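Step one of this worksheet: look at the structure below.
From a predicted model like this one, the values you see are computed outputs, not experimental measurements. Order of appearance sets the numbers: ligands from 1, and atoms from 1 within every ligand. Computation of the quantities below employed the complete heavy-atom set of this structure, encompassing side-chain atoms and omitting hydrogens, waters and symmetry-equivalent molecules.
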Amino acid sequence: MIELSDRIKAMEESATIAMSRKSRELRAEGKDVISLSLGEPDFTTPEFIKEAAVKAMEDNFTMYTPVPGYLDLREAISEKFKRDNSLDYPTDQIVVSTGAKQSIANVVMSVVNKGEEVIIPAPFWVSYMEIVKVSEGIPVVVNAGIDNDFKISGKQLEAAITDKTKMMIFSTPCNPTGSVYSKEELRDLADVIKRYPDIVVIADEIYEHINFSKDHASLAQFEDIKDQVVTVNGVSKAWAMTGWRLGYIGANKEIAAACTKMQGQFTSGTCSITQKAAIAALKKDPNVLSEMIGAFKSRRELVLNALGKINGLKTNVPEGAFYVFPDVSYFYGKSFNGITIKNGNDLAMYLLNEANVALVTGEAFGDKDCIRISYAASEETLTEAMNRIKIALEKLA
Ligand code: PMP
Ligand code: GLU
């Protein structure tokens, strides 16, 4: 009998991926399940990007690529950082990977030693926790709370710092809460970070363009901490390219070189064709995304309106990404058909079985009183899903 490693045994399966797998299986069994579980745009990749990919194949870009990415791609990323974020990252401070997920893993594995602490404000994206654990770091969760629009303050950050702290990881716009940090809120965090020059912060900005109210602000804009910040981004969300697999970082030279070394042993450079397609995406004026962002904004209104009509659900107003993260604790102790709700897990299972709507429990994101609804689906689908949820929740008494 072959024993698997302790490392893999200790790892949780990604809850977002597990729930989308489960809804696929239920659909294959003939169940009419609506899946609002996976955070994936339902748009298809724009034609001009696909054309660049076809041209790359015709031009025989089919071989191994430089590990950190083609130079012309890194030049396009450097320009993008200047254009959209006023950040100056030369090409030797940029590393392209097979997705923001790998970029985060590269950085954590390259920076965190066994036993060092990584501060993760909750709610957080599911994979941060497991990437830190597999790297033998110790996750230190700081609860942001719905009353603070799920954002932490500099004071909260400072209270969590110890002499073992090595890193903090957060996203803005945030998955799963949609919260967006303003420039002032980031400055408040930066004032603390600058007093601890050995701490690295991963700022995950993958939802940068899906932002409905504020201008996107990057943590790395503050020169006094820029070298401590690793800016993570990618093409999955804004350009509807989840399956193409490309993410990137802007970092200080040492961290960039370390990530290149890491992926030189693990994966090599990402797909040559994807890289050429990503150049087309990143060179495009992001204003062309306004239609898609407008669609996400109307869907957000639809979902917030519908949730507002259900007694007991408490939610913040997400300003970005495509998730709503309602608190469901009102339903604790309520029952239907012999099922009693004790936490967000129970409620997510109840909605899957009773309403045929798949969502992800908040526990996977560090808040067991919540559930995550992804509204990256058509208005028609969302309307039907919201009706089903309302009917099922009203049965609980
Ligand atoms: N960060 C966050 C906050 C995400 O929601 C996702 C979604 N997959 C990722 C990173 C990873 O993105 P990618 O598809 O580029 O790996
Ligand atoms: N980031 C998306 C989500 O949170 C995609 C799934 C994943 O990569 O975990 O649903």
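- Under the 4.0 Å criterion applied to side-chain N and carboxylate O atoms, Glu158 and Arg195 are assigned as salt-bridge partners.
- Residue contacts with ligand 2, taken as heavy atom pairs separated by less than 4.0 Å, involve Thr16 solely via side-chain atoms from C-beta onward.
- By the criterion of a heavy-atom distance under 4.0 Å, neither the backbone nor the side chain of Met19 is placed next to ligand 2.
- Ligand 2 is never approached by Ser127 to a heavy-atom distance shorter than 4.0 Å.
- Using modelled atom types, one finds a donor on one side chain and an acceptor on the other under 3.5 Å when comparing Asn233 with Glu208.
- For ligand 2, the polar-atom distance check against Phe365 finds no nitrogen or oxygen pair separated by under 3.5 Å.
- Checked against a 6.0 Å centroid threshold, the rings of Phe150 and Phe325 count as neighbours.
- No part of Glu40 comes within 4.0 Å of ligand 2, judged by heavy-atom distances.
- At a cut-off of 3.5 Å, with distance as the only test, a side-chain donor of Tyr332 or Asp369 sits close to an acceptor on the other residue.
- Under the 3.5 Å distance criterion, with hydrogens and angles disregarded, a donor-acceptor pair is assigned to the side chains of Asp327 and Ser329.
- Neither the backbone nor the side chain of Phe322 has a heavy atom within less than 4.0 Å of ligand 2.
- Transitive grouping of hydrophobic side chains (ILVMFWY, heavy atoms separated by less than 4.5 Å) keeps Ile273 and Val235 in distinct clusters.
- With hydrogens and angles left out, the side-chain atoms of Thr381 and Ser378 include a donor and acceptor closer than 3.5 Å.
- For Phe212 and Phe296, the gap between ring centers reaches or exceeds 6.0 Å.
- No part of Val360 comes within 4.0 Å of ligand 2, judged by heavy-atom distances.
- Phe81 meets the ring-ring contact (aromatic ring centres under 6.0 Å, His included) test with Tyr89, Tyr248; sequence neighbours excluded.
- In this structure, ligand 1 sits under 4.0 Å from heavy atoms belonging to Gly99, Ala100, Lys101, Trp125, Tyr128, Asn175, Asp204, Ile206, Tyr207, Ser236, Lys237, Arg245.
- Close approach of ligand 2 to Arg372 (heavy-atom distance below 4.0 Å) involves ligand atoms 3 (C), 4 (O), 10 (O).
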